[in-house]
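Working notes for the structure below.
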Amino acid sequence: MDRDIYKVDYTKTQVDLFYELDKKALTINIVKNFSMLFFVVMLFFSQLYYEFGFLEKIFEGKTNEIGVEKVHFEGQFKEWLVISLAIICYPLIVKLIKKALYHYISGDKNLFSKNKTFGIRFLLSPDAYYAQYYKDKLKRNFLKKISDLDSSETYYTKEEDEMGISSEDWNQIKIERKYFIEWSNWKNISITVTFCVVSLILIYLFCNIYWVAFWFTLLIYRLISRGVEIAKSFYKDVANTKAKIFYKKDNEPIYILDIKSSLIRSHGRLSLAMHSLIELIILYSCLYFTNSLLHNISDINIFTPFNSLLFSASLGVFNISFDFKNNYSILPQSIFHVSQVILSVILILLSIAQYLGKNDSLSKYDEDLYLKVELIKQENKSDAKLRWYKSMVKKICENILKKLG
């Protein structure tokens, strides 16, 4: 049986949508790259500070040998209040960013629409919850009554409450989901970098237990939430086989195994895994450093921001770690260590290895889509060059006329 029998050609509207979202992706990619560059610059200056004692006068009189005061958690009411505030703030931040991406893709103008957020899934991982919620919402936008679809000439799938989605609408869902997943991945790096940089700056400037407790809690919640999302999404992508049944009036239902729910290709999924690995390395490096302040780790000079990054990178990429004077006798440090190894194994051994060897062939319908989008890009590039040449010629002619006049 032809695996593509249920598919239809992409419409002109869907081709234009793919092209417009591809243009918007450049902006989000620039923001991601800028955040990474900013993080590298901050690391450079932090290392100068530790190596050469820059800014030492700012902390004079209240710092230890590395320039940052060691703080102690005493379990006071204000400290628990700050921790609670961080736990409340994080899901709101995630919801706002995921919702903004959804509206950026779907064109829905109602940015502040409400949705119910109950259950353990939401509390454990707001990132996983909202990612799934808005992916499902992109699909629900195209639900139609099965009675209407059954009279059409195209295949359709049965969804909830006697509703279904046609093959034509599945084309657009796959386009929108592709960019929602990729942009969420890129934004996650920017968010993690922002959290880490802001937390380090504020800890340096206002080194007290309240700032450390707030940002340390925020980073831990970020780690738990993103860790659950990464483990769940990449494991399901590798281990679970997606299947759907397509129906058509006066035809036998067809069962399609290993169906794609988005247009992300294997090299795109490999990029997602690599970005997630980089994000985890940055996040864990900040946690190693902040945890060393809270627990007075004996050789604290090992855990400067830059050295923490090197330590996290060696552990995340090569699973190589070093026990600096029994630092792992501290429980949080041991938990960070083990969890980073587990998440790195999921990303490297399961996901990256799987994507490298996966068949990345396109159907004739997908090939036609990519071809049409590339032709539009080339045509617009030519038009842009032509407009530039015309404007330059016009300016030159105007300057010549002014001089002659």
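Side chains are part of it too, since the values below use all heavy atoms of this structure and drop only hydrogens, waters and symmetry mates.
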Classify the ring geometry of Y134 against F180: parallel below 30°, tilted from 30° to 60°, perpendicular beyond 60°.
tilted

Between A273 and L347, the two heavy atoms sitting closest are O-CD2, 4.0 Å

Assess whether side chain to side chain donor-acceptor pair (under 3.5 Å) is satisfied between Y129 and S225, documenting all intermediate values.
CA-CA 9 Å; Y129 176 87; S225 180; over 6 Å; no

Would you check if H103 and K99 make a side-chain contact, meaning some heavy-atom pair closer than 4.5 Å?
yes

Going from CG on N188 to NZ on K98, what distance comes out if it is rounded to the nearest 0.5 angstrom?
5.0 Å

Consider only side-chain N and O atoms of D127 and Y90, and report whether a donor and an acceptor are under 3.5 Å apart.
yes

Just by distance, with hydrogens left out, do H275 and S271 show a side-chain donor and acceptor under 3.5 Å apart?
yes

In Å and rounded to the nearest 0.5 Å, what is the CD1 to CD1 distance from I30 to I28?
10.5 Å

If we count only N and O atoms by modelled type, under 3.5 Å, do the side chains of Y365 and N171 hold a donor and an acceptor together?
no

Go through the structure and list residues passing salt bridge (charged side-chain N to carboxylate O under 4.0 Å, His left out) with K24, not counting sequence neighbours.
none

Show the numbers, then the answer: is there a side-chain contact (heavy atoms from CB on, under 4.5 Å) between D366 and Y10?
CA-CA 8 Å; D366 294 341; Y10 290 86; 2.7 Å; yes

Between E374 and K377, does any NZ, NE, NH1 or NH2 come within less than 4.0 Å of an OD or OE carboxylate oxygen?
yes

Apply side-chain contact (heavy atoms from CB on, under 4.5 Å) to F246 and S167, showing your working.
CA-CA 9 Å; F246 284 83; S167 294; 4.0 Å; yes

Can T13 and D16 be counted as having a side-chain donor-acceptor contact under 3.5 angstrom?
no

What's the spacing between L270 CG and I264 CD1 if we round to 0.5 Å?
12.5 Å

Looking only at heavy atoms, what is the nearest atom pair of A231 and L343, with distance?
CB-CD2, 4.1 Å

For the residue pair Y221 and I87, what are the closest heavy atoms and their distance?
CE1-O, 3.4 Å

Going by distance alone, is a donor N or O of one side chain under 3.5 Å from an acceptor N or O of the other, for S106 and N141?
no

Can you tell me if Q340 and Y288 form a side-chain donor-acceptor pair at under 3.5 Å?
yes

For the pair Y156 and W170, evaluate side-chain contact (heavy atoms from CB on, under 4.5 Å) and give the outcome as yes or no after the intermediate values.
CA-CA 9 Å; Y156 63 91; W170 269 113; over 6 Å; no

Could you tell me if W215 and T290 have a donor-acceptor pair between their side chains, going purely by distance under 3.5 Å?
no

How long is the gap from CG on L263 to CD1 on I175, to the nearest 0.5 Å?
6.0 Å

Please report the interatomic distance OG1(T217) to CG(L85), rounded to the nearest 0.5 Å.
10.0 Å

Please assess I165 against K144 for the test side-chain contact (heavy atoms from CB on, under 4.5 Å), listing each intermediate value before the final yes or no.
CA-CA 6 Å; I165 300 175; K144 297 174 182 175; over 6 Å; no

Could you grab the distance from atom CZ of F214 to atom CG of L219, nearest 0.5 Å is fine?
10.0 Å

Any salt bridge between K364 and D368, counting N to O under 4.0 Å?
no

Please check if the number of heavy atoms outside M274 that lie under 6.0 Å from its CE is greater than 12.
no

Salt bridge (charged side-chain N to carboxylate O under 4.0 Å, His left out) partners for E279, two or more places apart:
R222, R226

So do L272 and F234 actually touch side chain to side chain, heavy atoms under 4.5 Å?
yes

Using a strict 4.0 Å threshold on nitrogen-to-oxygen distance, state whether E159 and K139 make a salt bridge.
yes

Within 45° of the axis and under 6.0 Å from the centre of the six-membered ring of Y133, does NZ or CZ of R140 qualify?
yes

Which heavy atom of L315 sits nearest to which heavy atom of V341, and what is that distance?
CD1-CG2, 3.7 Å

Which atoms form the tightest heavy-atom contact between C196 and I282, and what is the distance?
SG-O, 3.8 Å

Aromatic contact, Y104 with Y179 (centres under 6.0 Å):
no

Taking the side chain as C-beta and beyond, is there a heavy-atom pair between Y102 and Y130 under 4.5 Å?
no

Where do I189 and S35 come nearest, in terms of heavy atoms and distance?
CG2-OG, 4.5 Å

So R177 and S261, do their side chains get closer than 4.5 Å, heavy atoms only?
yes

Any luck finding a side-chain donor-acceptor pair between S339 and Y284 under 3.5 Å?
yes

